[in-house]
Amino acid sequence: MSKGLPPKDSDFSAWYNAIVSKADLAEHGPVKGTMVIKPYGFQLWDNIKEIFDKMIKATGHTNAYFPLFIPKSYLAQEAEHVDGFAKECAVVTHTRLKADPEKGIIVDPESKLEEEVIVRPTSETIIWAMYKKWIQSYRDLPILINQWANVVRWEMRTRLFLRTSEFLWQEGHTAHATAEEAQKETLDILELYRQLAEDYLAMPVLTGFKSEAEKFAGANKTYCIEAMMGDKKALQAGTSHNLGQNFAKAFDVRFQTKENTEAFVYATSWGVSTRLVGAVIMAHGDDKGLRLPPKIAPIQVVIIPIARDEAQAEMVKKYLQPVRDSFEEKGIRYHEDWTDRSPGFKFNEWEMKGVPLRLEVGPRDVENNKAVLARRDNGDKNIVSLEEAKESIPNLLEEIQEGLFSQALQFQKDNTHTVETYDEFKAQIKKGGFVRCGWDGSPETETAIKNDTKATIRCIPLDENPLELTCIYSGKPALHEVIYAKAY
RNA sequence: CGGGGCGUGGCGCAGUCCGGUAGCGCACUUGGCUGGGGGUCAAGUGGUCGCAGGUUCAAAUCCUGUCGCCCCGACCA
């Protein structure tokens with residue numbers, strides 16, 4: 001492994017790839033666009049998963065599991081939905097291999113399937129085919145189900161964590177008796193996503209909804225959280241869809257109301273994926289590597305013992321016992337690095353991996369009843385007593401969590417601009433960041449701007465105020481106030 | 001789908017133009033001295049050169065075919 005990272009400011013993309021590899025998060029699988037998530041990277045996802053799993057269970061949702069394989073015909077049921085996914089579906093056509101004297105092993109032509117099977121790009125279709133069986137009466141509603149699963153989208157261009165052919169996510173699928181209830185669910189989940197991003201990943205987000213062009217195929221309305229990455233580009237970090245009655249109609253899911261009338265069910269679906277890991281990297285990382293928010297860091301404190309012989313090692317080990325006890329008691333995730341690499345090597349290594357706090361303990365410290373405590377977020381390094389260290393660490397972790405958030409928030413604010421003319425708009429987009437402006441609501445304007453500048457409408461913020469605005473492009477009165485940016 | 005690049009020890013590469021039996025850095029192993037910001041010295045391990053065919057006394061190198069991956073673009077969450 002060579003030293004250091006390419007500087008973040010000169011080549012963000014190379015910096016990102018290097019961090020994923022050097023922090024030991026993931027690597028490419030043998031099949032194009034696939035990703036092996038390595039233990040350290042997976043722990044990060046696992047922590048995110050655990051947090052969100054608790055959130056949705058606390059709000060009445062339960063987990064279930066639906067199959068990976070979906071009959072090809074299901075996808076055809078909802079017209080817009082097909083359009084959205086048809087081009088990137090993996091299709092299973094055969095069920096057997098057989099030995100071949102010349103080529104080693106071949107697909108057995110005899111095993112061709114009558115009806116081909118697709119690998120889920122998302123599960124709306126199979127879930128609504130099942131919900132049809134489960135729903136007859138208003139008494140069966142609402143259904144509030146989530147599943148943790150993998151999905152496959154055969155992408156042209158892939159990047160580890162941000163867009164891979166197969167990725168892990170959660171997909172929530174709910175069924176409701178009324179449009180109001182479905183709308184409330186959609187927004188409640190959006191709020192949970194905001195909390196997940198801001199309170200746990202320390203990543204400020206904008207909440208809003210998508211334009212027609214950008215929304216999920218099959219949804220009436222797509223809400224999203226959008227975050228700003230370190231290169232000032234936007235990343236969609238989570239989506240919550242109000243599906244209206246589209247899937248109910250496609251799969252003929254009706255129920256009897258209290259008043260004994262018949263009605264189609266209202267639906268929502270929502271998801272966040274392993275892309276969040278990429279988001280954390282790009283939102284907080286620096287030239288030394290990852291910087292992890294303590295709440296999701298696999299290791300919150302790394303202890304680097306320093307000793308030149310067995311006797312000193314024993315001494316340090318003993319000296320650390322109260323620290324261990326304190327960490328265990330307080331539920332702090334820690335790791336002691338006793339490998340025989342040099343201390344300097346370990347400092348760099350654990351900084352690359354983004355561990356929020358480092359505690360150095362050597363013979364000198366044992367003698368003076370001290371330790372060196374270093375912060376990853378700002379590089380501060382202090383000599384403290386062991387007592388002080390034990391006392392201050394929980395608070396420091398909180399400080400770091402908040403510090404990362406406020407740093408990212410400041411960055412987002414510094415790079416968000418309001419513009420009034422198209423010239424200003426183009427100049428600002430060129431510099432990067434979010435641009436807030438008026439839009440006349442027409443797809444023509446949206447397309448024209450996209451072709452002209454490569455920027456897209458990231459969202460129409462929930463707190464928009466289009467009343468006094470005119471469209472940046474056409475000069476007509478604005479229908480919406482929108483956030484424009486170049487996006488991942 | 002279009003353009004470009006690359007397949008040689010675990011990783012990164014040189015060697016290919018001009019054919020002569022494979023080399024460098026990192027990593028790895030063992031030992032010594034070291035250890036508070038990527039230590040150092042010494043001795044080692046490891047490769048049918050992506051695959052298949054051809055030319056040749058001889059192929060990593062030349063020819064033909066084939067497979068795969070990466071990057072940029074187009075498309076798309």
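Protein chains get the first letters and strands the later ones, always in sequence-line order, with residue 1 at the start of each.
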> Cationic tip of Arg275(A) within the cone over Phe167(A)'s six-membered ring, i.e. under 6.0 Å and within 45° of the normal?
Replying inline: no
> Quick one: the side chain of Lys288(A) and the base of rG38(B), do they pair up donor-acceptor inside 3.5 Å?
Replying inline: no
> Rounding to the closest angstrom, what is the interatomic distance between rG25(B) and rG15(B) at atom C1'?
Replying inline: 15 Å
> Out of rG37(B), rC76(B), rC28(B), which has the shortest distance to the side chain of Arg341(A)?
Replying inline: rC28(B)
>> What's Arg364(A) touching, base or sugar-phosphate or nothing? Going by heavy atoms closer than 4.0 Å.
In response: base
> Is the Phe434(A) to Tyr484(A) ring centre distance short of 6.0 Å?
Replying inline: no
With a cut-off of 3.5 Å and sequence neighbours excluded, list every side-chain donor-acceptor pair involving residues 38-45 of chain A.
from     : atom 1 : to        : atom 2 : distance (Å)
Lys38(A) : NZ     : Asp24(A)  : OD1    : 2.8
Lys38(A) : NZ     : Glu27(A)  : OE1    : 3.2
Tyr40(A) : OH     : Lys353(A) : O      : 2.6

>> By nearest atom, which of the nucleotides rA74(B), rC76(B), rG36(B) is closest to the Lys87(A) side chain?
In response: rC76(B)
>> Exactly one of Arg458(A), Arg194(A), Lys233(A) should register a salt bridge (charged side-chain N to carboxylate O under 4.0 Å, His left out) with Glu226(A). Which one does?
In response: Arg458(A)
>> Closest approach to the side chain of Glu349(A), judged atom by atom: which nucleotide of rA74(B), rG38(B), rG36(B) is it?
In response: rG38(B)
> Would a 4.5 Å heavy-atom cut-off, applied to side chains only, mark Phe345(A) and Trp350(A) as touching?
Replying inline: no
> To the nearest angstrom, how far is Asn451(A) atom CG from rC76(B) atom C1'?
Replying inline: 15 Å
May I have the list of side-chain donor-acceptor pairs in residues 75-83 of chain A shorter than 3.5 Å, sequence neighbours left out?
from     : atom 1 : to        : atom 2 : distance (Å)
Glu78(A) : OE1    : Glu80(A)  : N      : 3.2
Glu78(A) : OE1    : His81(A)  : N      : 2.9
His81(A) : ND1    : Ala217(A) : O      : 3.2

> If we only count heavy atoms from C-beta on, is the Leu190(A) to Ile225(A) side-chain gap below 4.5 Å?
Replying inline: yes
Show me the side-chain donor-acceptor pairs of residues 362-369 of chain A shorter than 3.5 Å, one per line, residues at least two apart or across chains.
from      : atom 1 : to        : atom 2 : distance (Å)
Asp365(A) : OD2    : Gly362(A) : N      : 2.8
Asn368(A) : ND2    : Arg364(A) : O      : 3.0

> Is there a donor and acceptor pair closer than 3.5 Å between the side chain of Asp365(A) and the base of rG36(B)?
Replying inline: yes
>> What's the gap between rU55(B) and rU45(B) when it is taken at their P atoms, as a whole Å value?
In response: 38 Å
> Taking atom types as modelled, is there a side-chain donor on Ser385(A) or Glu387(A) under 3.5 Å from an acceptor on the other?
Replying inline: no
>> Just the rounded figure in Å: distance from C1' of rG35(B) to CG of Asp340(A).
In response: 10 Å
Any protein N or O atoms within reach of nucleotides 1-4 of chain B? Criterion: under 3.5 Å, listing atom names and distances.
none

> rG38(B), rG37(B), rG35(B): which one has an atom nearest the side-chain heavy atoms of Met352(A)?
Replying inline: rG38(B)
Between N or O atoms, less than 3.5 Å apart, protein on one side and nucleotides 69-71 of chain B on the other: list the pairs.
from    : atom 1 : to       : atom 2 : distance (Å)
rC69(B) : OP1    : Lys32(A) : N      : 3.0

> What does nucleotides 39-44 of chain B look like as a protein-contact string, B for base, S for sugar-phosphate only, - for none, at under 4.0 angstrom between heavy atoms?
Replying inline: S-----
>> For the aromatic rings, using the six-membered ring if either is Trp, is the centroid distance between Tyr193(A) and Phe52(A) under 6.0 Å?
In response: yes
> So does Glu399(A) pair up with Arg375(A), basic N to acidic O under 4.0 Å?
Replying inline: yes
